[in-house]
Structure formats: structure tokens, C-alpha cells
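Everything numeric here is computed off the predicted structure, so don't read it as measured data.
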Amino acid sequence: MQPVRHADLPSTDVPGTDLPGTGPERVSPEAEYRSVVNPAPRRRQSIGVKVGAVTIGGGHPIVVQSMTNTDTADALGTVRQVQALAAAGSELVRITVNTEEAARQIGRIRELLDAAGCRVPLIGDFHYNGHLLLTRYPDCAEGLAKYRINPGNVGFKHKRDSQFATMIETAIRYDRPVRIGVNWGSLDGELLTRMMDDNARLSEPRDAREVTREALIVSALESARRAEAIGLARDHIVLSCKVSGVQDLIAVYTDLGARCDYALHLGLTEAGMGSKGIVASAAGLAILLQQGIGDTIRISLTPEPGGDRTTEVIVAQEILQTMGFRSFTPLVTACPGCGRTTSTVFQELADKIQSFVRSQMPIWGERYVGVEDMSLAVMGCVVNGPGESKHADIGISLPGTGEVPAAPVFIDGEKAMTLRGEGIAEEFQRIVEEYVERRYARRA
Ligand code: SF4
């Protein structure tokens with residue numbers, strides 16, 4: 001089951017129903033935001049690259065991808081995590097291929113995923129020995145939909161070119177695209193030294209950080225040119241230049257985006273844990289995405305020990321959705337709460353409803369057209385509650401401290417009913433379910 005459709009952006013062609021304001025003319029606030037307030041932010045033109053059934057770049061919707069942190073040699077553990085990431089909405093999943101045992105398991109992992117109905121394309125992440133693993137294990141080369149090559153880790157001195165060439169030739173033989181993924185932490189040392197030396201000879205040398213940023217771009221572009229010279233088609237190449245600082249990321253990708261038309265994989269590397277990782281990723285990516293730069297994104301969050309790996313997928317989706325690029329899951333607008341609402345009822349309701357909607361999406365997404373555009377509001381008191389609720393498809397305004405214990409519910413901007421007493425959460429959940437059923441057309 002694919003909970004997130006890639007190619008078909010949600011339609012705003014809503015069928016008529018008997019609910020107030022839900023005729024064909026009504027467009028959900030979420031869809032309106034995307035199409036009117038923020039009319040399809042202009043994207044940098046890039047060459048589309050097919051990775052299995054998913055296309056990166058070429059004007060296609062920005063693709064969400066993620067990476068496992070299981071030992072790939074543990075096929076069952078890896079399959080379980082790939083399934084979880086795909087179910088959360090990851091449209092591509094990258095896995096480490098670092099040892100012979102890992103390479104040996106790729107074919108089996110692919111088979112197990114296919115048998116379970118999970119068709120998400122797998123990307124192999126190679127460092128140091130990719131040329132050997134791809135050559136020795138044909139099932140590995142075949143089972144992967146894309147190979148990630150890090151030019152800084154492909155080999156050293158005279159071996160580097162031949163090992164890089166072997167990987168590119170394998171990609172050509174199996175008709176697979178590659179990502180040439182340069183990383184700040186593993187930048188080609190020889191290239192950097194050469195560029196630093198050249199810089200030192202200038203009458204006005206540039207700042208060392210600037211030279212390093214330039215070296216990242218040169219490494220990516222030179223590697224791409226070499227891959228093309230070997231025979232890899234231009235529409236089989238994705239580039240990335242990952243750094244861990246927000247300002248560096250913006251500078252590097254702005255420059256890289258202007259100097260080529262390859263599809264770009266965007267992400268802050270080693271973003272970090274928790275709110276720091278989320279904030280840093282969102283800050284850097286938002287600016288670049290708004291400039292039209294970025295064809296696929298990955299949020300490199302460090303999970304808490306034993307934490308859920310799928311958080312990186314949800315963060316990636318929410319960046320794209322809150323910016324109006326794509327819709328994945330109905331999002332709940334909730335007020336922060338203040339002294340006017342001292343109980344936790346509305347916080348619990350907002351949390352319950354968001355979790356409920358997210359858990360329903362794999363089913364709703366398969367069944368209904370455009371449901372991901374639905375907007376909900378859960379508000380804490382009468383000050384902004386009714387107003388904000390009216391802007392949502394469905395909103396509820398809970399009673400603040402000292403207010404009459406009643407919670408008006410607004411549907412399509414009109415007050416539809418008032419909930420009272422215990423069980424408001426369950427009742428509101430049922431109203432949401434009924435709304436989805438009536439409002440959204442069933443898929444053919
Ligand atoms: S809606 Fe009411 S409870 Fe919520 S932040 Fe505003 S004033 Fe406070």
C-alpha cells in the first residue's frame with residue numbers, strides 16, 4: 001500500500017455533497033492556500049531522473065526520502081524499517097551497503113518487500129568498496145533502484161578514477177541512476193588541497209570556508225562530467241552537496257543550482273537531534289525551496305535512543321506541506337493556549353485528532369480524492385476559537401476558563417452543532433470521519 005501518491009497531486013475538484021458549502025465550487029482552505037496565496041512556487045528547471053516509478057526533478061513534485069539505520073545484513077530488520085518508512089510516506093528509502101553480507105542481502109530485502117506489497121524504490125549508499133560490491137553481487141546491483149556515490153570516499157590516488165568508473169559502468173549496465181553525493185565531512189582531500197593552494201597564490205585569497213564551499217561544488221560537477229564522459233546519461237544523475245551549517249547550505253545550493261540543471265537532492269547533513277535538527281533543517285531547506293531549489297529532500301535527524309525513525313519522514317512532509325508545495329496529511333491548527341484556558345483538554349484533543357488523522361491517512365488516502373487537503377482546527381477559547389475554526393474545513397472551539405461548558409463545531413465555515421459534556425473527543429472524531437466520507441469523492 002502506498003499511502004502517499006507521488007505523481008498525482010491532489011485534485012481540488014470536489015464533488016457536491018449535501019453539507020453546507022460543499023458543492024463543486026468549494027475549495028478547501030489548504031488547497032486554496034497552495035493555489036492562490038502561494039501559487040505553485042516557481043521551481044528551478046532540472047532534468048527529471050527516474051528512480052523506479054518515482055521521478056526526481058523535471059518539474060515533478062518534490063520527493064520525500066529517508067534512510068534506514070538498521071544493519072543491512074539483518075534483512076528482516078531492514079525490511080521492517082523500510083516498510084515503516086514507506087508507510088509513513090517516504091517515497092524512496094536509502095539503505096547502507098557497506099559489507100559483502102549487506103550486499104548479499106539486497107536481493108532478499110527487495111523480494112521480501114515486493115512480497116509484502118511494498119514497492120518503494122531502494123537506494124544503495126556506497127562508500128570505499130562500492131565498486132567491488134556492485135560488481136561481485138549482481139542481485140545487489142539489480143535490486144537497487146539508484147546508487148549513491150560519494151566522490152570523496154570512492155578511492156584514493158590512482159585507484160579513485162577506475163573505481164568511480166566501475167560504479168558508473170555498473171549503473172549504465174543496469175540502467176540505474178546515481179546520486180553523486182558530496183559531503184562536507186568527506187570532501188575529496190586532494191581536490192581541496194589543490195584548491196586551497198591555488199587560492200593561497202591569489203593576490204587576494206578568498207576565505208578558507210568559501211574555498212571549501214567551492215570545492216564541494218567543483219567535486220560534484222567534475223564527478224558528474226566524468227560520469228557523463230563514461231557514458232551515463234544526464235537524466236541518470238542527481239547531485240547533492242551536503243553541509244551541516246544552515247548558511248553554508250544556502251550558499252552552496254544557491255550556487256550549485258545556478259551552475260547546472262541536474263536534479264538536486266537537498267538536505268542538511270548531520271542536522272542533529274530533536275528540535276535543533278528539525279529547526280536547522282527547516283530553516284535551511286525553506287529558503288532554498290522557496291527559491292525553487294531542491295527536487296528531493298531528506299531530513300537527517302538523529303533519533304533519540306530507541307526513537308522512531310519515521311520522524312524524519314513526517315518532518316520532511318510537514319516542511320513541504322506547510323510551505324504549500326504538496327499535501328500529505330490533514331494538519332491540525334491549534335492555538336498555543338494561555339491563561340484563558342488552564343485545562344489540558346484542548347491540548348489533548350488537538351493531539352488526539354492529529355494522531356487519529358495521521359493513522360487514518362493510509363486508508364483515507366487510498367479511498368478518497370483530495371482528503372490530504374482537509375484542514376482542522378482545535379482552539380482553546382472563544383477569543384480566536386470560532387474565527388479560526390471557521391477558516392478550517394472542520395473546527396472546534398473548546399470552552400476557556402469560566403466560559404459556558406460548550407464546544408461549537410464549525411463545518412465549512414458555518415456553525416454546525418455544539419458538543420457538551422464527556423466524550424467530546426470521540427464525538428468530534430466521529431464528525432471528522434463523517435465529513436471525510438461525505439465530502440471527498442471515492443477513488444475509482
Ligand atoms: S484562542 Fe483563547 S486559549 Fe487559545 S491562545 Fe487564544 S486566547 Fe488563549
Side-chain angles (χ1 to χ4, degrees), residues 49 72 94-104 106 123-142 144 146-202 205-206 208-243 252 255-256 259-260 262 264-265 269-270:
V49 177
T72 308
R94 182 158 47 113
I95 57 180
T96 296
V97 189
N98 56 338
T99 61
E100 304 237 354
E101 194 46 40
R104 214 175 275 130
I106 298 295
I123 302 166
D125 197 63
F126 294 95
H127 298 273
Y128 311 113
N129 56 1
H131 59 293
L132 295 175
L133 299 179
L134 282 170
T135 315
R136 285 183 192 160
Y137 297 95
D139 284 357
C140 171
E142 180 72 41
L144 296 168
K146 183 169 76 146
Y147 313 147
R148 184 273 171 108
I149 304 174
N150 180 340
N153 285 346
V154 86
F156 301 100
K157 299 194 182 298
H158 62 280
K159 286 186 176 170
R160 186 182 50 212
D161 286 354
S162 68
Q163 292 176 182
F164 179 81
T166 300
M167 294 184 77
I168 297 298
E169 284 157 7
T170 309
I172 295 168
R173 190 171 329 125
Y174 288 90
D175 191 24
R176 297 292 189 266
V178 303
R179 169 163 66 100
I180 294 173
V182 181
N183 196 300
W184 185 261
S186 51
L187 181 55
D188 178 347
E190 289 172 44
L191 172 73
L192 182 60
T193 304
R194 195 179 75 221
M195 290 183 64
M196 285 290 184
D197 289 347
D198 290 347
N199 184 59
R201 283 191 285 274
L202 295 175
R206 290 185 292 169
R209 204 170 181 93
E210 217 181 302
V211 178
T212 308
R213 295 202 290 232
E214 174 66 11
L216 284 159
I217 297 171
V218 168
S219 176
L221 293 177
E222 277 188 0
S223 301
R225 267 193 290 275
R226 216 175 301 141
E228 282 195 66
I230 293 165
L232 190 65
R234 214 170 163 68
D235 66 0
H236 278 52
I237 299 174
V238 177
L239 295 188
S240 68
C241 287
K242 290 198 180 177
V243 296
V252 167
D255 204 355
L256 178 66
R259 285 162 66 174
C260 69
Y262 294 112
L264 298 183
H265 167 124
T269 192
E270 292 109 27

Original post:
Per the side chain to side chain contact (heavy atoms under 4.5 Å, CB included) rule, which among Arg179, His236, Arg176 passes with Lys146?
Top reply: Arg179
Original post:
Side chains of Asn183 and Asn150: does their closest heavy-atom pair fall under 4.5 Å?
Top reply: yes
Original post:
Taking only residues two or more places apart in sequence or in another chain, which ones pass side-chain contact (heavy atoms from CB on, under 4.5 Å) with Asn199?
Top reply: Leu202, Pro205, Arg206, Val211
Original post:
Under the 3.5 angstrom rule, does the side chain of Thr72 hit a backbone N or O of Thr96 as a donor-acceptor pair?
Top reply: yes
**OP:** Indicate yes or no for a side-chain donor-acceptor contact from Arg148 to the backbone of Ile123 under 3.5 Å, with no hydrogens or angles considered.
**Re:** no
**OP:** Let me see the working for Thr212 and Trp184 under side chain to side chain contact (heavy atoms under 4.5 Å, CB included), right down to the final yes or no.
**Re:** CA-CA 8 Å; Thr212 308; Trp184 185 261; 3.9 Å; yes
Original post:
Taking atom types as modelled and ignoring hydrogens, do the side chains of Gln163 and Tyr128 form a donor-acceptor contact shorter than 3.5 angstrom?
Top reply: no
Original post:
So, are Glu222 and Arg225 salt-bridged, with charged N and O less than 4.0 Å apart?
Top reply: no
**OP:** Kindly state each residue pair satisfying salt bridge (charged side-chain N to carboxylate O under 4.0 Å, His left out) with at least one member in residues 211-220, sequence neighbours excluded.
**Re:** Arg213-Asp248, Glu214-Arg259
Subject >> Separation of Ser219 OG from Met195 CE (nearest 0.5 Å) >> reply: 9.5 Å
Subject >> Arg201 and Asp198 ion-paired at < 4.0 Å >> reply: yes
Original post:
For Tyr147, which residues count as a side-chain hydrogen bond (donor to acceptor under 3.5 Å, both in side chains) partner, sequence neighbours excluded?
Top reply: none
